[in-house]
Amino acid sequence: MIKVVAKSSRSTSGQACGGKRGAAGRDFEALRQRRMRAAELFRRGKRQVDVAAELGVSAQTASRWYRAWRKGGRKALAGAGRAGRLPKLTGEQLAEVEAELIKGPKACGYATELWTLARVAEVIEHLTGVRYSQAQTWTILRDKLGWSRQRPARRASERDDDAIEAWVKTEWPRIKKAPGAEGP
């Protein structure tokens, strides 16, 4: 079972910072600026090979840009602005899911105070109508909401923290000072 706890520091952009995937690290604006620079060079009459050398791209990329520029001008090189599939959940839906998760599992009708990925997936499906696998649910919790996995501490139910603290303060110093306690 997995207990999920919200992190205190969250990304303000909603994107994963420094994640495993390269898409989160792409600078789409810099890529667009490079294509706009290519369009300007083509407009000035520069050859494809010169554009490729100046911008540090392959000849095939310069050729593709040139064809697009000839067909549609600068607008054709502007780009889509993002890569990959659009997310299934909007920011508002994610906020709604997070608010429900913060209430706790018992408030959502579960018997125990422990979130599992299956339970979180059920809450997401109930609120948004979007079904996710447990792996996808974990990605949403970790990357989109900034939550982490917490394992319950394994402690005996008979444990008496006050007695342990008293023992550490009184008995441990006495034992520590005993002859031969320095080490072997």
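Predicted, not measured: the structure shown is a model, and the values here were computed from it. Values reported hereafter were calculated over all heavy atoms of this structure, with side chains retained and with hydrogens, waters and symmetry mates removed.
- The shortest heavy-atom contact between Leu114 and Pro105 is N-CG, 3.6 Å.
- The line from NZ of Lys88 to CD1 of Ile140 is 9.0 Å long, rounded to the nearest 0.5 Å.
- Considering Thr112, Ile124, Leu101 in turn, Thr112 is the only one that fulfils the side-chain contact (heavy atoms from CB on, under 4.5 Å) rule with Arg119.
- For residues 62-79, no residue pair satisfies the salt bridge (Lys or Arg N to Asp or Glu O under 4.0 Å) rule, not counting sequence neighbours.
- With sequence neighbours excluded, no residue satisfies salt bridge (charged side-chain N to carboxylate O under 4.0 Å, His left out) with Arg34.
- The CG atom of Leu117 sits 9.5 Å away from atom CZ of Arg149, with the distance rounded to the nearest 0.5 Å.
- Summarising the geometry of Ala52 relative to Ala62, their closest heavy-atom pair is CB-CB, 3.8 Å, with the distance given to 0.1 Å.
- Minimum interatomic distance between Arg37 and Leu55 (heavy atoms only, all atoms of both residues): CG-CD2, 3.6 Å.
- By the side chain to side chain donor-acceptor pair (under 3.5 Å) test, Glu96 pairs with no residue at all, sequence neighbours left out.
- Arg159 is linked by a salt bridge (charged side-chain N to carboxylate O under 4.0 Å, His left out) to Asp161, counting only residues two or more places apart in sequence or in another chain.
- Atom-to-atom distance recorded for Leu94:CG and Thr128:OG1 is 9.0 Å, nearest 0.5 angstrom.
- In terms of the ring-ring contact (aromatic ring centres under 6.0 Å, His included) criterion, residue partners of Phe42 (sequence neighbours excluded) are, by chain and number, Tyr66, Trp69.
- The minimum heavy-atom distance linking Ala78 with Arg35 is given by the pair O-NH2, 2.8 Å.
- Of the charged side-chain nitrogens involved, at least one lies within less than 4.0 Å of a carboxylate oxygen, so that Arg43 and Glu40 count as a salt-bridged pair.
- Every residue meeting the side chain to side chain donor-acceptor pair (under 3.5 Å) condition with Glu122, not counting sequence neighbours, appears here in chain and number order: Tyr110.
- In this structure, the side chain of Ser63 does not engage the main chain of Ala59 through any donor-acceptor pair within 3.5 Å.
- With respect to Arg131 and Glu125, a salt bridge is recorded, a charged nitrogen being found less than 4.0 Å from a carboxylate O.
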